[in-house]
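One structure is given below, encoded as structure tokens.
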Amino acid sequence: MQIFSIGDTNFDVDVAKSRISVAARADGMREINIRIEADDEAFLRLTEDEDAPWSWALYPPSFILQGLLLAGTDGAPVQMLAVDASNADCECSLYMMDYHDVSDLRLVELSAQRLALTGKVDFDGKDLPFAIDMRRPA
């Protein structure tokens with residue numbers, strides 16, 4: 001199962017639309033760029049009912065992490081890395097009808113097989129937990 005959850009709701013992951021890149025840079029750093037798209041069909045099921053918690057949204061959420069720099073180019077998996085949201089070189093947000101601030105971001109695992117991350121996202125002044133856990137295609 002692919003997980004893209006906000007609060008208690010799992011929107012699933014559209015693996016075909018999602019992108020993860022880890023590029024070696026000339027300065028010895030690795031640049032990580034991640035864009036995860038929630039699944040359209042799961043979103044439609046979750047928002048069918050007018051009284052559903054997410055019925056106000058017109059399209060599913062997406063998560064963006066761009067420009068995260070890490071030392072080393074050896075291709076080793078990343079595990080349990082706290083990402084500083086105030087890092088000016090790195091952009092991180094969750095988009096759902098608007099950009100929402102992300103805090104307490106933890107990159108649990110980034111390997112050839114899996115991406116797992118957790119954090120909190122601000123919706124109308126409430127910090128909701130969110131998580132992404134997806135198997136990466138071979």
Side-chain angles (χ1 to χ4, degrees):
M1 176 184 229
Q2 310 286 0
I3 296 171
F4 187 147
S5 66
I6 301 172
D8 295 331
T9 305
N10 181 17
F11 293 92
D12 293 331
V13 174
D14 186 331
V15 176
K17 287 184 182 177
S18 298
R19 301 284 179 258
I20 301 169
S21 72
V22 180
R25 294 177 14 142
D27 62 2
M29 301 292 280
R30 289 185 287 172
E31 182 176 340
I32 297 174
N33 294 293
I34 299 171
R35 182 177 188 101
I36 304 301
E37 301 289 341
D39 184 74
D40 289 328
E41 289 180 22
F43 173 76
L44 289 174
R45 283 192 306 276
L46 291 166
T47 58
E48 273 182 320
D49 185 354
E50 285 181 13
D51 297 327
W54 301 99
S55 63
W56 54 268
L58 299 177
Y59 38 83
S62 62
F63 171 79
I64 302 159
L65 175 64
Q66 291 181 250
L68 177 62
L69 298 179
L70 298 177
T73 59
D74 60 2
V78 177
Q79 294 185 323
M80 283 314 295
L81 172 70
V83 178
D84 182 1
S86 65
N87 182 343
D89 297 325
C90 177
E91 176 188 345
C92 182
S93 64
L94 193 141
Y95 188 79
M96 188 169 192
M97 305 302 295
D98 199 0
Y99 287 99
H100 297 271
D101 292 333
V102 169
S103 61
D104 296 332
L105 183 63
R106 302 263 186 259
L107 190 53
V108 177
E109 180 180 339
L110 176 56
S111 65
Q113 295 79 33
R114 179 179 181 223
L115 168 68
L117 54 88
T118 63
K120 293 182 182 173
V121 61
D122 179 20
F123 273 93
D124 297 324
K126 293 181 187 175
D127 274 342
L128 297 177
F130 83 93
I132 293 173
D133 194 339
M134 62 176 274
R135 293 279 164 215
R136 295 184 64 191

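Values in this document were obtained by computation on a predicted structure and should not be read as measured data. Computed from heavy atoms alone, side chains included, the values below leave out hydrogens, waters and symmetry copies. Residue numbers count from 1 along this sequence.
Between the CD atom of Glu109 and the CG atom of Leu115 there is a distance of 8.5 Å, given to the nearest 0.5 Å. The structure places CD of Gln66 at 8.0 Å from OG of Ser93, a figure rounded to the nearest 0.5 Å. To the nearest 0.5 Å, the span separating CD1 on Ile3 from CZ on Phe11 amounts to 13.5 Å. Atom CG of Leu110 sits about 9.5 Å away from atom CG of Leu65, to the nearest 0.5 Å. Expressed to the nearest 0.5 Å, how far CZ of Phe63 lies from CG of Leu105 amounts to 5.0 Å. With values rounded to the nearest 0.5 angstrom, Ile64 atom CD1 is found 11.0 Å from Asn33 atom CG.
At least one side-chain heavy atom of Ile20 sits under 4.5 Å from a side-chain heavy atom of Ile36.
A search for side-chain hydrogen bond (donor to acceptor under 3.5 Å, both in side chains) contacts involving Asn10 returns Asp12, not counting sequence neighbours. Taking Asp8 as the reference, nothing meets the side-chain hydrogen bond (donor to acceptor under 3.5 Å, both in side chains) condition, with sequence neighbours excluded. Every residue two or more places apart in sequence or in another chain was checked for a side-chain hydrogen bond (donor to acceptor under 3.5 Å, both in side chains) with Asp101, and none qualifies.
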Please tabulate, for side-chain N and O atoms in residues 123-138, each donor-acceptor pair with protein atoms closer than 3.5 Å (sequence neighbours left out).
from: Asp133; atom 1: OD1; to: Arg114; atom 2: NE; distance (Å): 2.9
from: Asp133; atom 1: OD2; to: Arg114; atom 2: NH2; distance (Å): 2.8
from: Arg136; atom 1: NH1; to: Ser111; atom 2: O; distance (Å): 2.8

Which atom pairs, donor and acceptor, lie under 3.5 Å between side-chain atoms of residues 52-59 and protein residues at least two apart or in another chain?
from: Trp54; atom 1: NE1; to: Thr9; atom 2: OG1; distance (Å): 2.9
from: Ser55; atom 1: OG; to: Glu50; atom 2: O; distance (Å): 2.8
from: Ser55; atom 1: OG; to: Ala52; atom 2: O; distance (Å): 3.0
from: Trp56; atom 1: NE1; to: Pro53; atom 2: O; distance (Å): 3.2
from: Tyr59; atom 1: OH; to: Tyr95; atom 2: OH; distance (Å): 3.4

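Every pair passing salt bridge (charged side-chain N to carboxylate O under 4.0 Å, His left out) that includes a residue from residues 34-44 is listed here, sequence neighbours excluded: Lys17-Asp40, Arg35-Glu37.
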